[in-house]
Engineer: 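Here it is: the structure, laid out below.
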Amino acid sequence: MNFVKRAGTSLRARKSKAAALLAVFVVLCTLLLGGFLLQGATARQEAEVQRRVGVDVTVRGEGLTRHLADRLGGSERVHRYNPVLSLRAGARGFAPLRSEGGGSDGAGAGGGEQPAVALNGVRDFGLLLPFSYGSARITAGRGVAPGDADRDVVVVEERLAARNGLAPGDTLRLASADGERTVSATVVGVFRDPAPDPARWTPSYELPGNLLYVPVRTAERLGAGASEVREAVFRIGAPEQAEGLHSAAERLLGGTDFDFRVNDKAYRDQVRPVQRVGAFAELIVWLVAVAGALILGLVVLSQTRERREELGVLLSMGERKWKLVGQLVVEVAAVAVPAVFLAVLIGRVAGGPAGDALLPRAADEPAAHPGTAPAPVDPPELRAGAVDVGRVAGIALGISLVATVVPGVGVLRLHPRSILATDT
């Protein structure tokens, strides 16, 4: 009889032991699949944390212009970037806040009025530290976004907005420090700065309520074309990429001295729990593979010893030893295949609760309204793909092969005469 057909007949005749072997395989395949699903989910979550949280690198130095910041921000390792251009401007058609306690802003050159407000030209509101860490927040509308680069928009502090009745959609006129250029900007947002008004007299442009945010190019027009920025913040995916960004900044700035600071605290706080889960999942895979091979090897060895008489009769009938080993391999593999599909079904049912329990929730940064409280990122779903199922099937079949071939070495040493003589 063909040894494959004989394996099927043996499984039908030994249903209880085949069922026990199937149960062992289901447990092993489920654990293996769970390990692979956790690895895949943690890899996706880590990539998402890198994209959303990332590492902030702040560059300061002489000669850093908006054009150089744009070139550095175009690097493939940079996800987002934000140059900050600070200057003073005059108010046209609205009343800036004034400090109490006496004093005046004085007069500028030629008897003109001193600039009354402070401007920060920015590109990406979400990378401003006071807003990304929640000390300041948007209360109405939105912040300046990269899409506003060629638009004249402005974000005002709520004290200035309250004094002048400003709301998103209104228009604000700003003048350059020398009064020769004016820009009409649309109010797109109102923010709250927690800094209190100073108790002593302070120039109006230093009052926290007179700070406005505009796009960098709008600030350049009001600053007589000045493009040297105070600082630029670059968001990269991981701390390991900071060295490459430093080299690129050094080339662009011509080797001049500059300040290069890496802030990776938020990244490490978010990524480390995810990486620990990934390492745990990898450990599960290795332990299950090794333990599975040992357990199944012992089970098959025990069953082989119980079938010595059967094997001796087959050998006495002229059956080749390699076919006996092949029969054992087919029997175990025939049990392993349905165990893989059962493990996939179990994974679909238990994947959601397992992911919620094992995967940490990473904090997302606010995208639409920078400065609002961070919202948690839900853990990725544990879903079994074709690659995961294939890996589990391959390891399961490999375990079945190892678990049968190793005990099969004993079959190759059997002699039918000694077996039958011992049994009689």
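Computed from a predicted structure; not experimentally measured.
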Engineer: When you check the side-chain N and O atoms of Asp152 and Thr218, is any donor under 3.5 Å from an acceptor?
Structural biologist: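 Thr218 and Asp152 do have a side-chain donor-acceptor pair below 3.5 Å.
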Engineer: What are the two closest non-hydrogen atoms of Pro215 and Ala149, and how far apart are they?
Structural biologist: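 Pro215 and Ala149 have their closest heavy atoms at CB-O, 4.3 Å.
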Engineer: For Asp259, check salt bridge (Lys or Arg N to Asp or Glu O under 4.0 Å) against everything at least two apart and list the hits.
Structural biologist: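 Asp259: salt bridge (Lys or Arg N to Asp or Glu O under 4.0 Å) contacts with Arg60, Arg261.
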Engineer: For Leu245 and Phe260, what are the C-alpha separation, side-chain angles and deciding distance, and is it a side-chain contact (heavy atoms from CB on, under 4.5 Å)?
Structural biologist: CA-CA 10 Å; Leu245 187 65; Phe260 188 90; 4.3 Å; yes
Engineer: Which one of Arg123, Arg142, Arg217 satisfies the salt bridge (Lys or Arg N to Asp or Glu O under 4.0 Å) criterion with Asp148?
Structural biologist: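 Of the listed options, the one satisfying the test is Arg142.
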Engineer: What heavy-atom pair brings Thr171 and Ser184 nearest, and what distance separates the two atoms?
Structural biologist: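 In this case the closest contact between Thr171 and Ser184 is CG2-CB, 4.1 Å.
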Engineer: Under the side-chain hydrogen bond (donor to acceptor under 3.5 Å, both in side chains) test, which residues partner Arg173, sequence neighbours left out?
Structural biologist: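 None.
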Engineer: Around Arg71, counting heavy atoms of other residues, nucleotides and ligands shown, do more than 12 lie under 6.0 Å from its CZ?
Structural biologist: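 Open.
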Engineer: Give the C-alpha distance, both sets of side-chain angles, the deciding distance and a yes or no for salt bridge (charged side-chain N to carboxylate O under 4.0 Å, His left out) between Asp197 and Arg159.
Structural biologist: CA-CA 10 Å; Asp197 292 326; Arg159 283 167 284 192; 3.0 Å; yes
Engineer: So which atom in Gly209 and which in Leu97 form the shortest heavy-atom distance, rounded to 0.1 Å?
Structural biologist: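 In terms of heavy atoms, the two residues are closest at CA-CD1, 3.6 Å.
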Engineer: Tyr213 vs Phe131 aromatic rings, parallel, tilted or perpendicular, using cut-offs 30° and 60°?
Structural biologist: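 Perpendicular.
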Engineer: Hey, what do you get for CG (Asn210) to OG (Ser99), rounding to the nearest 0.5 Å?
Structural biologist: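 OG of Ser99 is found 10.0 Å from CG of Asn210.
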Engineer: Mind checking the CG-CZ spacing from Asp56 to Arg80? Nearest 0.5 Å is all I need.
Structural biologist: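 Here the rounded value is 9.0 Å.
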Engineer: Which atom names give the shortest non-hydrogen contact between Ser86 and Asn120, and what distance separates them?
Structural biologist: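 Ser86 and Asn120 have their closest heavy atoms at OG-OD1, 2.8 Å.
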Engineer: Would you call Arg192-Glu157 a salt bridge at under 4.0 Å N-O?
Structural biologist: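 Between Glu157 and Arg192 there is no salt bridge, as every charged N stays at least 4.0 Å from the carboxylate O atoms.
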Engineer: Find the distance between CD (Glu220) and OG1 (Thr65) and round it off to the nearest 0.5 Å.
Structural biologist: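 So the CD of Glu220 and the OG1 of Thr65 are separated by 8.5 Å.
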Engineer: I would like to know whether Val187 and Val155 meet side-chain contact (heavy atoms from CB on, under 4.5 Å); could you show each step before the answer?
Structural biologist: CA-CA 6 Å; Val187 178; Val155 181; over 6 Å; no
Engineer: What pairs with Ala281 under side-chain contact (heavy atoms from CB on, under 4.5 Å), at least two apart in sequence or on another chain?
Structural biologist: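 Leu38, Gln39.
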Engineer: Looking only at non-hydrogen atoms, find the nearest pair between Ala396 and Phe25 and report the distance.
Structural biologist: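 Heavy atoms only, the tightest pair is O-CE2, 3.8 Å.
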Engineer: How close do Pro208 and Pro196 get, heavy atom to heavy atom, and via which atoms?
Structural biologist: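 Closest heavy-atom pair between Pro208 and Pro196: CG-O, 3.7 Å.
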